[in-house]
Novice: 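Structure provided below as structure tokens; questions to follow.
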Number of protein chains: 2
Amino acid sequence: MKDNAVGVAPPARRRRGASMADVARVAGVSAQTVSRVSNGSPDVVEETRARVLAAMKELGYRPNSAARALKHGEFRTLGVILFNLSSTGNVRTLEAIAESAALEGYAITLLPAVPTQTGVNGAFTRLGELAVDGVIVIMEVHLLDSATLSLPPHVQVVVVDSDAGDRYAVVDTDQRGGARAAVEHLLELGHRTVWHLAGPPDSFAAQRRTDAWLAVLREAGRTVPPLLFGDWSAESGYMAGRLVPEDCTAVFAANDQMALGLLRALHERGRRVPEDVSVVGFDDISEAASFIPPLTTVHQDFGEVGRRCVEGVLRQIRHQSAEHGTALVPTTLVRRASTAPPRQPR
Amino acid sequence: MKDNAVGVAPPARRRRGASMADVARVAGVSAQTVSRVSNGSPDVVEETRARVLAAMKELGYRPNSAARALKHGEFRTLGVILFNLSSTGNVRTLEAIAESAALEGYAITLLPAVPTQTGVNGAFTRLGELAVDGVIVIMEVHLLDSATLSLPPHVQVVVVDSDAGDRYAVVDTDQRGGARAAVEHLLELGHRTVWHLAGPPDSFAAQRRTDAWLAVLREAGRTVPPLLFGDWSAESGYMAGRLVPEDCTAVFAANDQMALGLLRALHERGRRVPEDVSVVGFDDISEAASFIPPLTTVHQDFGEVGRRCVEGVLRQIRHQSAEHGTALVPTTLVRRASTAPPRQPR
DNA sequence: GAGCTGGATGTTTGCGTAAACATCACGTAG
DNA sequence: CTACGTGATGTTTACGCAAACATCCAGCTC
């Protein structure tokens, strides 16, 4: 891309492409007829249609969606606000959102925000000027609340990963159910108690997982070991793994990345998984089956989350009315080789 | 999201939001003055401005970007066509693209395509109707070529992961350089030769990495072991890892996921890394440092790739001229614990 | 006080499209 | 032979915004 090449490059053509009027002129018909052909109206005689299509091709006509949007009053576009694409969950969800949206004829506009006050404000400011009919927010809603700019009116919203079901339509993975399944699985194997490597305290998902872990231990009347915290990263899981005491036989990590780090720390310390320590993760990232050993983990159906988000916003857009309530997407426990009964269930 | 709730939800208001005319009426000024306030023109007296702003707030006015785009003839939006978000590279690149674009005041529209003839065609059809000023294509260009619909005129393009530098502006990681560094590193450690776990043959990036591996071996006059193929997934790396013969002391995997699977296969076979076998990956995904053992790998600067893409399309948009040529983003070898000299360098 | 200057505001216009309505040619029934 | 219906096409209009141009008025100068 060294400077602009001279070769084939067309010499600064007319800034705007051909319009209906241009096509109409070439085809010798009215602009309206071009519009009809463009929209597949049946009321055009075959010969005329052919002439118009030829003219379109000749001029490289491309319908101007701005004009169309202006006329229709809708953009057929959804905005997605998120902090980053570094978590598998966000990415998988986004992927599913894009897919379902495409199926419905909607495009997706990305609105990356940095997780600071100004960052979120910035995203909302841009959003205000954006051509979207609805918004899907993939982040904890308290950040949304603390934004000084509120969501623009006439824009419908669905939120992922939040407890704001009383104010917004929320779609979320069944965090509690997944975490319960993980901890109960470990208890059923015979472990006296289960340690927990939690995610960052400001994450709603992390909180829910921790809550459920605590609830299961209490219900079973087990001692509750101290909490370990990570920041979702494998590195933080590794650090935590070095703190786990020798008498710990089971750990529930709040996500698979941290579980990976944990596995490495245990490996380095000579503690075998699952013989000495059982480990359960959360997410079921695609690599989890190739960890050493293959990780038992809670599978999240991100595809379903994405689909429900799109479904939700579109319904709101069509009805022109906000909804609320939380839709939970169920999880399943995937049993692999990182869990086993404790060696001496003393 | 159980049915539409009745509570706070506003009762099906007017479909479209307030327009400039509405604001103008409420504020008792002309529409043009509203426009001036909206665009921060200095030629508005303080008192008038305040009145207009108040009216805007009262009506929840939001500028209609379709109208603005129609007037300006540009959308300030870039389209990104990609197959999936399952590869780290694509995701990281997309993230960087979104960020740089936002910095320049451009929004990003996602165009997921499925990697089939019809899928690609579908994406291009949608693209044709899309409100974008330029497009970044993240996929091998031969798929782009085989699409029966070509790219719409007046839309500028930058391509990632391709050798079509003679026809498009291409931005890519220095695949050859990275692969060379990996293989040379292994030879320098004293390995007699290096096996290669390649990516799918239809991937341009995979081809380049394989080419470089082959070139280095030939230049050094080493025997060239048979190629192993994977599909980028950890699982495929695991399968390949079971085929590696006992006398193999070094493997260069075409990406980190496959390296992960390879590590597991070697572990299960009782072959220690790096004592018995050295492994090098490619990508430097964030988890690579937490593999068992931490993976030596080729670091790709996806952020830079994304930034250059945006820079490239914007330059083309501004000059209204297509460019070509390939911009290579350098790589660095990250040495971790998965490589060491062979035990008996016989 | 006539003429001028310049800042603040208003009016006109057109971007490309498509709905609503108008027209036109042709065939057919009365 | 005329009136009317029908299907194909054309004309008008408005969507919301902002550039270009027009106007108006206060404060000057001479």
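Order of the sequence lines fixes the chain letters, A, B, ..., with proteins taken first and strands second; residue numbering starts at 1 for each chain.
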Novice: In whole angstroms, how far is the P atom of C/dG10 from the CE atom of B/Met20?
Specialist: 13 Å

Novice: Tell me the interatomic distance from A/Tyr61, atom OH, to C/dG16, atom C1', rounded to whole angstroms.
Specialist: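 Interatomic distance, OH of A/Tyr61 to C1' of C/dG16: 8 Å.
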
Novice: Could you tell me whether a side-chain N or O of A/Arg92 sits under 3.5 Å from a main-chain N or O of A/Ser87, the two making a donor and an acceptor?
Specialist: no

Novice: List the steps, then state whether salt bridge (charged side-chain N to carboxylate O under 4.0 Å, His left out) holds for B/Glu311 with B/Arg308.
Specialist: CA-CA 5 Å; B/Glu311 201 181 282; B/Arg308 294 223 199 158; 5.8 Å; no

Novice: For A/Arg68 and D/dG16, what is the distance between atoms CZ and C1' respectively, to the nearest whole Å?
Specialist: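 Distance check: A/Arg68 CZ to D/dG16 C1' gives 18 Å.
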
Novice: Between B/Asn90 and B/Leu94, is there a side-chain heavy-atom distance shorter than 4.5 Å?
Specialist: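 B/Leu94 does not reach B/Asn90 side chain to side chain.
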
Novice: Would you say the side-chain atoms of B/Glu323 pair up with the backbone N or O of B/Ala169, donor to acceptor, closer than 3.5 Å?
Specialist: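 Judged by distance alone, no pair lies under 3.5 Å.
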
Novice: Please report the shortest heavy-atom distance between B/Thr77 and B/Ala131, naming the atom on each side.
Specialist: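 Heavy atoms only, the tightest pair is CB-O, 3.4 Å.
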
Novice: How does each nucleotide of nucleotides 19-28 of chain D score, in 5' to 3' order, for protein heavy atoms under 4.0 Å: base (B), sugar-phosphate only (S), or none (-)?
Specialist: BB--------

Novice: Using a 4.0 Å cut-off on heavy atoms, which residues in residues 41-55 of chain B reach DNA chain D? List them by number, or say none.
Specialist: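 Those residues: none at all.
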
Novice: Are B/Ile138 and B/Ile97 packed together at the side-chain level, in the sense that at least one heavy-atom pair is separated by less than 4.5 angstrom?
Specialist: yes

Novice: Tell me the interatomic distance from B/Glu74, atom CD, to C/dC15, atom C1', rounded to whole angstroms.
Specialist: 13 Å

Novice: Strictly distance-based, threshold 3.5 Å: is any side-chain N or O of B/Glu95 a donor or acceptor partner for the main-chain N or O of A/Leu85?
Specialist: yes

Novice: Backbone N or O of B/Glu104 within a donor-acceptor pair of the B/Arg76 side chain at under 3.5 Å?
Specialist: yes

Novice: Distance check needed: C/dG14 C1' versus A/Asn64 CG, whole Å only.
Specialist: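 After rounding, the reported distance stands at 13 Å.
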
Novice: Please state whether the phosphate of D/dA8, meaning OP1 or OP2, lies under 4.0 angstrom from any side-chain nitrogen or oxygen of A/Thr33.
Specialist: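 For A/Thr33, the contact criterion (side-chain N or O under 4.0 Å from OP1 or OP2 of D/dA8) is not met.
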
Novice: Send over the distance from B/Met56 CE to D/dG16 P, rounded to a whole Å.
Specialist: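 Whole-Å distance recorded here is 15 Å.
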
Novice: Without decimals, in angstroms, what is the distance between A/Phe75 CZ and D/dC15 P?
Specialist: 15 Å

Novice: Using the closest heavy atom to pick a nucleotide of DNA chain C for each, name whichever of B/Ala67 or B/Ser30 lands nearer the 5' end.
Specialist: B/Ser30

Novice: Is the closest side-chain heavy-atom distance between A/Arg36 and A/Val52 below 4.5 Å?
Specialist: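 No. Closest side-chain heavy atoms not under 4.5 Å.
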
